[in-house]
Structures are given as C-alpha cells and as structure tokens.
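Numbering of ligands and ligand atoms starts at 1, following listing order. Computation of the quantities below employed the complete heavy-atom set of this structure, encompassing side-chain atoms and omitting hydrogens, waters and symmetry-equivalent molecules. Quick caveat, the model's predicted, so the values are computed rather than measured.
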Amino acid sequence: EDNDLIEIKEYVDYNYVEPNPKYFGIAEGRNVIVVSLESTQNFVINRTVNNEEITPFLNDLIKESYYFNNFYHQTGQGKTSDSEFIVDNSLYGLGRGAVFFTHPKNEFMATPEILSNLGYTTASLHANTKVFWNRDEMYHSLGYDRFYHLDYFDVTEENAIGWGLKDIHFFEQSVRLLKELPQPFYAKLITLTNHHPFVLAEEDVFIDANVTESETLNQYLQTVRYEDEALRLFFQQLKDEGLYDNSMIVIYGDHNGIIEKDYEALSMFLEKDYTAHTVVEMQQVPLIIHIPGEEGETISTVGGQIDLKPTMLHLLGIETEGQLNFGHDLFSENHPNLAIFRDGRFVTDKYVFADNTCFEKDSGSVTGDANCATYYDIVTKELNYSDQIIYGDLIRFYNKDMYIKKE
Ligand code: GP9
Ligand code: MN
C-alpha cells in the first residue's frame, strides 16, 4: 500500500454519498449507449433562431428523459479525450497535457473495465484514426474490449465533411456494429461533425442561422442543428433494430465549441453581459439520461462530467462505495452541488468563482469573497489528490477485488 493512497482513499470514502433508492437499479441489465456530442453546449437546448429550434429532437427528448440543466464540462487541454477520461474514471484530467497521452499505461478502474468484469461487452465507436488522442493505447487501460475506429467505417467523398464521416452516416453505420455486439453492452459513440470550424455540405443545412456577427457562431448553430437531426435518425434506427427498449442512452456534450474569440458574440446572442460569470455559464453542456419506460424529469443539481461514473453505475444497480471516484451520484439527495473546473474555477448551487471573483450564481452579481472562500480547500484538495493518483499511478496499489462488488 501507499501512504498517499490511504489518505486519498479516506477523503473519497468520507465524501461518498448514498444512492437514491428511487433510482438505484432502474436500468439494471440494460445496454448502455453513451453518446459524446462534439462541442455541444447547453445553451442550444430550448433556444430558437429565426423562430426555429436549434435542437428540435433533443427538446422533445428531454421531456421524457432525466435532463440535467446545471451540468458542466471539466476538460482541459485534452479536450474530447479529457471528457472521456473524466466520464469513465471519475478522476480529473491533468492541468497540462492530456492523460490519454501522458499516462496511458497507468492502472485505472474505469466504468468499461468494471462492466466488462460483470459480463458486459464494452466498445468505443469513433470514425477517426485509432491513434488520434492515443485512443487505441488508452482504451486498453480503460477496459474497452473493442474499438471501432476509422478502419471499421465506410468513408467516401459523399458521406464525409471536415473532420470525416458525417454524423448521420456515423450513427447509421454504428447501429449496424451495435447490432452485432453481445448484450448487454456498454458502447460509447463519439460524434464529429459539430467540430470547429463547423462546416456543412449545403444539403445538411437545416436552419437559417445568420443571426450573429460571428461567422463561427452562426455556423456552429447550423452544425448543432445537423447533429440534432442525426440523433433523431439514430433513435429511430435503434427502435427499428430492437436496440431501444432494452437500453439506457446517456448523451452529454464533451466540452465547449465556442471559444474565447467568440465569447463576446455568444454573450450578446444570449443577451448577457460578457463577464467571467457568463463565461462559466457557457461551460454548461447538456446531460440527458434516457431510459425508455421511465418518465424522466429536469434535475437542476449542479454537477459535472466527473459525476457520470457513479451516476450511471447506480442506475445499473452497481454499488460504487469504496471506489476511488471524485464525483457523486447526481440523483443522490446528498449530492454536494459542486462542479470544479480544471483551472480552479467552480460552481455551487449559490455561487460561481471565476477570475478570482465570487459571483452570485443566479444573478451574476459580484458578492463577498467569504461566500466562495469556504470551498477553496475542497477544490484545491480534490484537484491535487486526483493529480497524485495519476502522476503516482496509485491505483496499482489498490485492491481491485474490493472495487468490483459482485452479487
Ligand atoms: C477527434 C475528436 C475531436 O477524434 O474526438 O477531438 P477534439 O479536438 O474535440 O479534442
Ligand atoms: Mn471534442
């Protein structure tokens, strides 16, 4: 054993929160389909341009899903790969670089490995080269049994744009691959079309979004609209292929797509002042958990990608007590309502700390530092502990038998 690990384990165990019995196990035995939406921010949900919805399908879907409207990405320089890392491990990414490149040989205890040990087939599907973000190497450490990368997809001049295979075709070909997977499976699908510089073929433009002074933002609204259409077709195909009813579908945005040079234009579009508080709000990404047969509800708990691992495992009826997770089940009555960004900014149910300033969360007005100061220790501690685990490869000292609770 390692002394650092013992201290960290104590901290994590102490901060564990019980699952909510109302939700624990409601998706037991189902397939898990995780959809990582490229650069998709939460502001597009329920918003219109020229009286047209940007995300008509998602706007309907959230009415029959658990929709988290206070959910943040927590990524750093590792972008998509950071979001994958955070979601699968409930650990933070690194302050510099991408864990996928810096520590792919570490020992982890990620969701796919846990589920693989419990009899699930685990797969990641993404139509890019397997070496991008070092996924092929890292996926072994995360417990993915299969990686369907570029070589498994049929990419032509007609069905590709920008970064590669268009989302509609990606989903269509992915459903064919999913059909062949032994069930239950845990499959992660990573979209691509809504990636900077947000280009579309003319036939894929479904919305007139020439509404802001930023060309990038205008195009972004259109590529998000296209992505929404791709999701609509994807759900239809899941139903057609009999993969819908026995699955839980988890959809989240990987990170922001609008970056600093367009923050001001986005603030104007959102009719907000361009402040550090507004910029934090822009880091909200959608989280939609769709369990066919369950009614769903909108949940305003403040959380982040780090919370997904315990949240999903509890829905599947798998205990997480004793695991090294920095996140908390979003359905738990005792969720701490805290989202910590990699750079030390944070959001609570009442306050936002950014640019060394404490803001009231709802009004955006500056408030006394003391309101935020109570969180400084927790924020620093969590980020440091997570870094220690990664830099020291501490999970190799962990007794994995205790980690996976078999019934
Ligand atoms: C590349 C895709 C996009 O495979 O995941 O990566 P990003 O640039 O968003 O990190
Ligand atoms: Mn990305």
ring-ring contact (aromatic ring centres under 6.0 Å, His included) with H277: which residues, sequence neighbours excluded? F359
Atoms of type N/O/S from protein, distance to the Mn ion (ligand 2) below 2.8 Å: 5
Check for me whether the distance between the ring centres of [X] and [Y] falls short of 6.0 Å.
X    : Y    : value
H126 : F147 : no
F198 : H196 : yes
Y376 : F353 : yes
Y186 : Y120 : no
Y23  : Y66  : yes

Verify side-chain contact (heavy atoms from CB on, under 4.5 Å) between H149 and D136, making sure each step is shown before the conclusion. CA-CA 9 Å; H149 50 77; D136 60 335; 5.9 Å; no
Output every pair passing disulfide (SG to SG under 2.5 Å) with a member in residues 313-365, not counting sequence neighbours, ordered by first then second residue. C358-C372
Is it true that atom CD of Q183 has more than 12 heavy atoms of other residues, nucleotides or ligands lying nearer than 6.0 Å? yes
Pairs under 3.5 Å, N/O atoms on ligand 1 and on the protein: can you put them in a table with the distances?
unit_1	atom_1	unit_2	atom_2	d
ligand 1	4 (O)	H126	NE2	2.5
ligand 1	4 (O)	N128	ND2	2.8
ligand 1	4 (O)	R135	NH1	2.8
ligand 1	5 (O)	T80	OG1	3.3
ligand 1	5 (O)	R135	NH2	2.8
ligand 1	6 (O)	T80	OG1	3.0
ligand 1	6 (O)	W133	NE1	3.4
ligand 1	8 (O)	H195	NE2	2.8
ligand 1	9 (O)	E38	OE1	3.3
ligand 1	9 (O)	E38	OE2	3.0
ligand 1	9 (O)	T80	OG1	2.6
ligand 1	9 (O)	H195	NE2	3.4
ligand 1	9 (O)	H255	NE2	3.1
ligand 1	10 (O)	T80	N	3.0
ligand 1	10 (O)	T80	OG1	3.1
ligand 1	10 (O)	W133	NE1	2.9

